[in-house]
Amino acid sequence: MRIATYNVNGVNGRLRVLLRWLKEAAPDIACLQELKAPQEKFPEGPIRDLGYDVVWHGQKSWNGVAILSRVGNIHETRRGLPGDPDDSHSRYIEAAVNGILIACLYLPNGNPRPGPKFDYKLRWFDRLIGHAAELVACKQPVVLAGDFNVMPTELDVYKPERWLDDALFAPEARAAYATLLKQGWTDALRARHPREKIYTFWDYFRNAFGRTQACASTTFC
DNA sequence: ATGCCAGTCGTAGACTGA
């Protein structure tokens, strides 16, 4: 089964690219982040037309997460992490699909650091760690997929020394990610490429991804 | 440090988030 994750940065602004990607890559399950659309503005029709069942948690302007499946109906198990009833951000949705529990997450960016946004990031990370501990204990197949907004190691970014003050490379954020992994999760990338310099983060300014990949079809083309 | 992204409000482009 192919399970993919994609930060769309605006599900309506990026809809043509999203639909093309779903057709070409044809993931069995896809997790989307940064919908930037209220619940009623999610493009459900075009996605269902491609054969996907879908659940989503929208929000005006910011955030928003969705799970798509073309391998069986989606049974939503949770939206929002436990631990803070006042948290209004749409950043977590979870569902059972074809015998697998899928958690789609959009962890807070946390910049600037220090500041209240960074504090929120660390609190959200702690809540994720708490809930993830329960998921691990379930002893059934579980996938955490999404945008973790963390550079776990110096292998994950071009010139890590430039990011020492950034919330994504902060010691606290990297430690939180390590704590999460130690619960028993398998890092899908590092299980296969433990020592390889593979960027899991690109600066989206200055078309960093497109310039690095020397690729004719980035999301911005 | 800067800022080539998207959405909002509102009808231009400053502001915010990231």
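To find a chain, count down the sequence lines: A is the first, B the second, and so on, and within it residues start at 1. These values consider heavy atoms only, across backbone and side chains, with no hydrogens, waters or symmetry-generated copies.
- Rounded to the nearest Å, the gap between the P atom of B/dG10 and that of B/dC5 is 24 Å.
- Neither OP1 nor OP2 of B/dA1 sits under 4.0 Å from any side-chain N or O of A/Arg162.
- Protein atom CG of A/Asn7 is 14 Å distant from nucleotide atom C1' of B/dG7, rounded to whole Å.
- Taking every heavy atom of residues 119-129 of chain A and every atom of DNA chain B, no pair lies under 4.0 Å.
- A 6.0 Å sphere centred on NZ of A/Lys197 holds more than 12 heavy atoms belonging to other residues, nucleotides or ligands.
- Atom P of B/dT11 sits at a distance of 30 Å from the matching atom of B/dT2, rounded to the whole Å.
- A 6.0 Å sphere centred on CG of A/Asp84 holds more than 12 heavy atoms belonging to other residues, nucleotides or ligands.
- Nucleotides B/dA12 and B/dA1 place their P atoms 36 Å apart, quoted to the nearest Å.
- Sequence order on DNA chain B of the closest nucleotides to A/Trp163 and A/Gly13 puts A/Trp163 first from the 5' end.
- Between the side chain of A/Arg70 and the backbone N or O of A/Pro27 there is at least one donor-acceptor pair closer than 3.5 Å.
- Checking B/dT8, B/dC5, B/dG3 against every side-chain atom of A/Asp203, the shortest atom distance belongs to B/dG3.
- A donor-acceptor contact under 3.5 angstrom links the side chains of A/Asn109 and A/Asn111, judged on distance only.
- Aromatic rings from A/Tyr120 and A/His89 are positioned such that their centres are separated by under 6.0 Å.
- For the residue pair A/Asn149/A/Lys121, the side-chain donor-acceptor check at 3.5 Å is not satisfied.
- Comparing B/dA18 with B/dG7, their C1' atoms sit 13 Å apart, to the nearest whole Å.
- A salt bridge links A/Asp87 with A/Arg127: the distance from a Lys NZ or Arg NE/NH1/NH2 to an Asp or Glu carboxylate oxygen falls below 4.0 Å.
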In B/S/- notation (B base, S sugar-phosphate only, - none; protein heavy atoms under 4.0 Å), nucleotides 13-18 of chain B written 5' to 3' is ---BBB
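- Here the P atom of nucleotide B/dG7 and the NZ atom of A/Lys60 are 14 Å apart, to the nearest Å.
- Taking the six-membered ring wherever Trp is involved, the centroid distance between the rings of A/Phe148 and A/Tyr177 falls below 6.0 Å.
- With C1' as the reference atom, B/dG3 and B/dA14 are 15 Å apart, rounded to whole Å.
- The distance from the CG atom of A/Leu18 to the NZ atom of A/Lys23 is 10.5 Å, given to the nearest 0.5 Å.
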